[in-house]
Participant: 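This is the structure I have questions about; it appears just below.
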Amino acid sequence: MATTNPPTKTMLAAIGRVAGESAIVDDLLRELYCCLIGSPFGRVIASGDDSSALGRSCLKVLRYNYSLTDDHVKEIVSITKRLDKLRSSRNLLVHAVWKRGTKPGEHVAVLSRRVSEKASGMGTHQVAVWTHAEAEAVADEYASCADLLEAFMEQNFHEYPHPDLYQRKVWAGFTAAIEGLATPS
């Protein structure tokens, strides 16, 4: 299917943009988690978590951070709700097999699904029709949420951004290399 009528490069670029913008949001949610717990080790704790788990972790900790006001809490809750609404579109865009549709600008997505054991359950695939503009709108919404998250952290946390963390062995290698440069031969 993918080779008989491939999607346009414009559609593929829009799908790639959705993937990129959502990855930025995931990184910002990890950083928000660090800010909320007051430690760069939040990156270790949240490493590998998907956006849903990241959002839930932030919401759990958010309510225990006494430096934030009720309005701050409402702002983060609002952003995470926006992200929750985007997730199914993002997953469809990024994980589906795409082909051109029958009408100009249309693209058809076929996404494999888990089959329900219930007779009334879903089938093996979800099929959807999307346009390039619709995919770009999802990417734009992710970019908007990223801007809001970044602005929130800049305005409310002195330790933003947190420094990158390195495993102790890697850090020891960096330190040894720097000491080697600083020591005259």
Side-chain angles (χ1 to χ4, degrees), residues 11-96 111 130 132-183:
M11 185 64 175
L12 290 175
I15 293 167
R17 186 165 168 250
V18 168
E21 296 291 352
S22 67
I24 290 168
V25 165
D26 285 357
D27 191 58
L28 288 168
L29 285 171
R30 282 184 192 87
E31 185 63 31
L32 176 61
Y33 186 70
C34 290
C35 290
L36 291 169
I37 68 170
S39 172
F41 294 111
R43 287 198 172 276
V44 177
I45 296 166
S47 64
D49 286 356
D50 64 17
S51 59
S52 177
L54 290 167
R56 285 191 312 271
S57 293
C58 288
L59 291 175
K60 286 178 189 177
V61 174
L62 181 68
R63 286 166 174 65
Y64 293 91
N65 188 309
Y66 302 115
S67 68
L68 300 176
T69 67
D70 288 344
D71 287 339
H72 291 136
V73 171
K74 287 177 187 173
E75 187 175 349
I76 294 302
V77 168
S78 173
I79 294 168
T80 57
K81 283 182 180 180
R82 284 174 67 179
L83 292 169
D84 286 344
K85 289 178 184 176
L86 288 172
R87 190 171 304 108
S88 63
S89 294
R90 178 249 181 237
N91 288 343
L92 176 78
L93 286 161
V94 172
H95 296 293
L111 182 65
W130 280 71
H132 158 263
E134 291 168 325
E136 285 288 346
V138 172
D140 289 343
E141 184 68 10
Y142 268 105
S144 174
C145 288
D147 291 343
L148 291 171
L149 286 169
E150 194 161 36
F152 181 86
M153 288 183 283
E154 286 173 350
Q155 293 167 8
N156 296 295
F157 296 102
H158 300 298
E159 290 189 39
Y160 170 76
H162 283 85
D164 289 331
L165 295 176
Y166 299 96
Q167 292 179 21
R168 292 183 331 185
K169 184 177 181 179
V170 173
W171 185 252
F174 286 155
T175 304
I178 290 169
E179 287 172 0
L181 291 173
T183 307

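The shown structure was predicted, so the numbers you read here are calculated from the model rather than taken from an experiment.
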Participant: In Å, rounded to the nearest 0.5 Å, how long is the span from OG of S39 to CD of E159?
Facilitator: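 Reported to 0.5 Å precision, the distance equals 8.5 Å.
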Participant: Is any side-chain heavy atom of D27 closer than 4.5 Å to a side-chain heavy atom of E31?
Facilitator: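 No. Closest side-chain heavy atoms not under 4.5 Å.
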Participant: With side chain to side chain contact (heavy atoms under 4.5 Å, CB included) as the criterion, how do L54 and L32 come out once you've worked through the C-alpha distance, each side chain's angles and the decisive distance to 0.1 Å?
Facilitator: CA-CA 9 Å; L54 290 167; L32 176 61; over 6 Å; no
Participant: Is there side-chain contact between L36 and C58, with at least one heavy-atom pair below 4.5 Å?
Facilitator: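 They are in contact (side-chain heavy atoms under 4.5 Å apart), so the answer is yes.
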Participant: Could you check whether any side-chain N or O of S78 sits under 3.5 Å from a backbone N or O of K74, counting only pairs where one atom can act as donor and the other as acceptor?
Facilitator: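 No, S78 side chain to K74 backbone: no donor-acceptor pair under 3.5 Å.
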Participant: Ignoring hydrogens, what is the shortest heavy-atom contact between R30 and A46? Give both atom names and the distance.
Facilitator: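 Shortest heavy-atom separation between R30 and A46 comes out as NE-O, 3.4 Å.
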Participant: Minimum heavy-atom separation for L93 and A135, please, with both atom names.
Facilitator: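 So the minimum-distance heavy-atom pair works out to CD2-CB, 3.9 Å.
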Participant: For residues F152 and L28, determine if any side-chain heavy atom of one lies less than 4.5 Å from a side-chain heavy atom of the other.
Facilitator: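 No - every pair of side-chain heavy atoms lies 4.5 Å or more apart.
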Participant: Side-chain contact test, heavy atoms from C-beta onward, threshold under 4.5 Å: evaluate it for I37 versus N65 and give yes or no.
Facilitator: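 The answer is no; the side chains never approach within 4.5 Å.
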Participant: Any carboxylate oxygen within less than 4.0 angstrom of a Lys/Arg side-chain nitrogen, looking at R17 and D140?
Facilitator: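 A salt bridge is present here (some side-chain N lies under 4.0 Å from a carboxylate O).
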Participant: Which is it for F157 and C34 under the side chain to side chain contact (heavy atoms under 4.5 Å, CB included) test, yes or no, and what are the steps along the way?
Facilitator: CA-CA 10 Å; F157 296 102; C34 290; over 6 Å; no
Participant: Search all heavy atoms of R87 against all heavy atoms of S51 and return the closest pair with its distance.
Facilitator: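 In terms of heavy atoms, the two residues are closest at NE-OG, 3.2 Å.
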Participant: With a 4.5 Å cut-off on side-chain heavy atoms, are Y142 and L86 touching?
Facilitator: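 They are in side-chain contact.
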Participant: In terms of side-chain geometry, is the basic nitrogen of D84 or K81 positioned less than 4.0 Å from the acidic oxygen of its partner?
Facilitator: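 Result for this pair is no, no salt bridge flagged.
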Participant: Please name the pair of heavy atoms, one in S22 and one in A19, separated by the smallest distance, quoted to 0.1 Å.
Facilitator: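 Heavy atoms of S22 and A19 come nearest at OG-O, 3.0 Å.
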Participant: Nearest 0.5 Å please: distance from the CD1 atom of I79 over to the CG atom of L149.
Facilitator: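 It comes to 4.5 Å.
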Participant: Inspect the contact between D49 and R43 and indicate whether a charged nitrogen and a carboxylate oxygen are less than 4.0 angstrom apart.
Facilitator: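 The answer is no: the pair does not qualify as a salt bridge.
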Participant: Do R82 and L148 make a side-chain contact, defined as non-hydrogen atoms from C-beta onward lying under 4.5 Å apart?
Facilitator: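 SC-SC contact between R82 and L148 confirmed.
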Participant: Side chains of L83 and L29: closer than 4.5 Å at any heavy-atom pair?
Facilitator: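 They are in contact (side-chain heavy atoms under 4.5 Å apart), so the answer is yes.
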Participant: Side chain to side chain contact (heavy atoms under 4.5 Å, CB included) for D50 and D26? Distances and angles first, verdict last.
Facilitator: CA-CA 7 Å; D50 64 17; D26 285 357; 5.8 Å; no
Participant: Any chance you could measure F41, atom CZ, to S47, atom OG, to the nearest 0.5 Å?
Facilitator: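 Answer rounded to 0.5 Å: 13.0 Å.
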Participant: Take I15 and W130 through the side chain to side chain contact (heavy atoms under 4.5 Å, CB included) test and state the conclusion after the steps.
Facilitator: CA-CA 11 Å; I15 293 167; W130 280 71; over 6 Å; no
Participant: Could you check if a side-chain atom of R63 sits within less than 4.5 angstrom of a side-chain atom of I76, using non-hydrogen atoms only?
Facilitator: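 Heavy-atom side-chain distance check fails, nothing below 4.5 Å.
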Participant: Shortest non-hydrogen contact from M153 to C35?
Facilitator: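 Between these two residues, the closest heavy atoms are SD-SG, 4.0 Å.
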